[in-house]
Number of protein chains: 2
Amino acid sequence: MSLTPVRGAATIEEVAARAGVSRSTVSRVVNGSTAVSPAALDAVQRAIDELQYVPNRAARSLASRQTRAIALVIPEDTDRFFGDPFFGSIVAGISQVIGESDYVMNMLIASDDASAKALGYLRSGSVDGAIVASHHTSDTFIDRLADTVPVVYGGRPARVRPTDHYVDVDNVQGGRDATQYLLDRGHRRIATVAGPADMPAGIDRLQGFRDALAAAGLEPFAVEDGGFTETEGADAMRRILASGDVPDAVFVASDLMARGAYTALRERGLEPGRDVAVIGFDDSSAATSLLPALTTIRQPSHDQGRQMARMLLDLLAGRAPASTAILPTEIIERGSA
Amino acid sequence: MSLTPVRGAATIEEVAARAGVSRSTVSRVVNGSTAVSPAALDAVQRAIDELQYVPNRAARSLASRQTRAIALVIPEDTDRFFGDPFFGSIVAGISQVIGESDYVMNMLIASDDASAKALGYLRSGSVDGAIVASHHTSDTFIDRLADTVPVVYGGRPARVRPTDHYVDVDNVQGGRDATQYLLDRGHRRIATVAGPADMPAGIDRLQGFRDALAAAGLEPFAVEDGGFTETEGADAMRRILASGDVPDAVFVASDLMARGAYTALRERGLEPGRDVAVIGFDDSSAATSLLPALTTIRQPSHDQGRQMARMLLDLLAGRAPASTAILPTEIIERGSA
DNA sequence: CTGAAAGCGCTAACAT
DNA sequence: ATGTTAGCGCTTTCAG
């Protein structure tokens with residue numbers, strides 16, 4: 001490998017010369033135009049192979065005014081992003097659909113400080129559209145992004161504008177189902193480790209929890225914010241137990257936090273599933289790797305990712321998809337509740 | 001948001017007109033050239049602000065023959081990538097250094113099927129260089145990549161070529177230290193859940209394990225391949241226990257697999273750390289979230305990421321860095337061994 | 001069905 | 001210190 005990139009790459013001009021046609025014809029072949037004679041097509045294709053020609057992306061993008069690239073923006077810091085299997089699942093879904101298209105996906109982990117740079121990138125015409133995947137809510141830079149290129153959000157944005165496109169999960173219903181499940185099993189002293197109060201997903205799940213309890217004429221045993229991380233989840237559970245009083249059951253608004261809750265419970269000599277019923281949310285890999293395996297609310301993250309990608313692709317193709325999709329959740333019974 | 005991206009973006013021409021200078025002067029300002037009079041600089045800067053000018057990346061890249069973008073190539077499937085905190089840590093390190101430079105980072109999750117497309121992307125002049133981060137070894141497409149742009153590998157490549165640049169961790173020494181630690185505590189019947197035989201990291205750690213045992217005149221109690229995943233780690237541990245015979249201790253070549261091993265041990269009524277000593281490898285978040293917390297070999301993944309990024313940046317700047325860096329590991333004592 | 005010509009928005013000599 | 005002049009490699013009318 002030389003220090004300077006190999007720039008001897010063949011150009012369309014060279015391919016044209018070798019095939020004995022004009023640049024235009026080569027361009028037509030490369031772009032799959034039908035208006036090319038079989039003979040020309042064959043000659044061009046051969047030349048492309050021989051020269052190992054790959055069109056220069058910058059030139060193409062400059063001329064055509066589109067990049068065939070989309071950005072996957074993650075307004076989270078790296079730890080958080082990689083710490084939560086939820087993201088893996090959603091990204092897998094997105095990447096699957098984008099992978100089947102002729103777009104490439106640029107992942108931008110745009111936490112705090114890096115966001116100005118990321119915004120510049122997005123506004124510099126580097127991508128045709130963006131998917132914003134996050135638990136989060138209040139990223140001001142995201143707003144400015146939407147003025148530049150079409151955007152699809154994962155989860156309901158903090159302030160929904162009429163033009164916004166997003167794919168969400170029915171978090172309120174999920175929270176309600178989880179709580180009702182606990183109620184149905186005879187639990188009455190029910191606490192929750194909630195998601196952050198500044199994230200729609202957290203807010204909605206808590207809402208569902210309160211709804212179900214209220215419908216049963218009950219008060220929450222306790223409500224503690226667990227920040228959607230394992231550590232904070234454990235801390236929240238510790239706070240719930242700090243009074244010395246122990247709930248019958250706890251609805252933990254994410255599997256990762258539930259993992260933390262297990263730890264906090266065991267520190268107090270309490271066995272999850274036996275002494276305190278625990279129900280999670282996500283059905284991520286964290287749920288099955290716990291012992292006892294976690295009863296949880298499954299959200300179709302992979303599918304959510306796919307739908308977001310499709311929505312953006314539709315938008316880019318001028319197909320005007322429905323602006324919103326809400327996916328259902330489902331309860332998964334395992335050993336913890 | 002309109003279906004067509006906002007393309008009214010200001011061009012350098014408009015900025016020049018507004019500032020009353022030529023395109024060249026604007027270009028100089030944008031690129032931080034010193035040869036610009038204070039007056040002109042001021043006028044241009046004002047015009048840029050007013051017009052919200054952002055240089056078009058494609059045009060810039062076409063003219064300058066560089067993209068100011070680097071690719072982070074992950075030759076793993078999404079599940080694996082997101083399932084292992086090791087990657088999070090390494091990506092965080094890379095992204096930190098790249099974030100401080102004026103390069104942007106494009107993450108390419110290029111598993112199996114997607115790799116052809118990814119290769120095309122990289123060869124189309126979309127990036128100035130690439131970092132390949134993986135446990136893996138035998139990705140043929142990577143070889144062709146290195147002929148196109150400068151590449152830095154995370155971990156020793158399968159076949160090291162004289163021109164290769166990489167940053168690795170001293171896996172052999174780490175494996176040796178882990179095993180010696182077990183030996184020092186009086187364990188004699190020592191098994192290992194090893195990494196895959198086709199990944200240098202797996203091979204090297206196993207080598208260290210064998211070295212230490214041989215030096216003590218001992219044979220391995222058992223050697224089972226755990227594929228670097230939690231599930232396979234659990235399976236490997238189950239296989240070790242299948243004979244009915246129980247080892248004193250086990251060296252598990254990754255924290256994630258150790259998590260699986262805990263599960264397998266407990267299924268058999270064996271308590272990790274009490275009945276069977278367990279030592280891991282990574283010191284990822286998986287290690288501390290286990291109960292008892294995992295004694296493990298810390299590898300400086302974050303630092304490894306940073307060094308890889310620096311190496312690539314040096315390469316791109318024509319600074320010719322040392323082609324290899326090997327980082328030391330360190331033992332972290334916790335409750336499991 | 002094919003070629004010629006005119007840019008896309010920017011940088012980089014080269015003058016001045 | 002600043003402007004002028006050529007392109008970078010490709011797509012896209014527009015003729016033919």
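As the structure is a prediction and not an experimental result, all values here were calculated from the model. Lettering follows sequence order; numbering is per chain, from 1.
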State whether a side-chain donor-acceptor pair under 3.5 Å links A:Gln52 with B:Arg123.
yes
Donor on one side chain, acceptor on other, A:Asn56 and B:Arg65, under 3.5 Å:
no
Contact list for DNA chain D against residues 20-30 of chain A - heavy-atom distance below 4.0 Å
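When residues 20-30 of chain A is checked for heavy atoms under 4.0 Å from DNA chain D, the hits, listed by number, are A:Arg23, A:Ser24, A:Ser27.
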Name every residue in residues 34-41 of chain B that has at least one heavy atom under 4.0 Å from any atom of DNA chain D, in order of residue number, or write none if there are no such residues.
B:Ala35, B:Val36, B:Ser37, B:Ala40
Expressed in angstrom and rounded to an integer, what is the separation of A:Ile12 atom CD1 from D:dC10 atom P?
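Taking atom P of D:dC10 as the reference, CD1 of A:Ile12 is at 5 Å.
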Rounded distance in Å - CZ (A:Arg57) to P (C:dC10)
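It works out to 19 Å between those atoms.
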Among all residues two or more places apart in sequence or in another chain, which pass the side chain to side chain contact (heavy atoms under 4.5 Å, CB included) test with B:Asp168?
B:Arg156, B:Tyr166, B:Asn171, B:Ile326
Tell me whether B:Ser89 contacts the main-chain N or O of B:Phe86 through its side chain, where contact means a donor paired with an acceptor under 3.5 Å.
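Answer holds: no.
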Would you mind writing out the side-chain donor-acceptor pairs for residues 303-313 of chain A within the sub-3.5 Å range, not counting sequence neighbours?
residue: A:Gln304; atom: NE2; partner: A:Val167; partner atom: O; Å: 3.0

Looking at A:Asp49 and A:Arg46, is there a salt bridge between them, counting it only when a charged N and a carboxylate O are closer than 4.0 Å?
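Result for this pair is no, no salt bridge flagged.
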If we fit an axis to the first five pairs and another to the last five of the helix from C:dC1-D:dG16 to C:dT16-D:dA1, what angle do they make, to the nearest 10°?
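Between the first-five-pair axis and the last-five-pair axis there is 30°.
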In chain order, what residues pass the ring-ring contact (aromatic ring centres under 6.0 Å, His included) check against B:Tyr121, with sequence neighbours excluded?
none
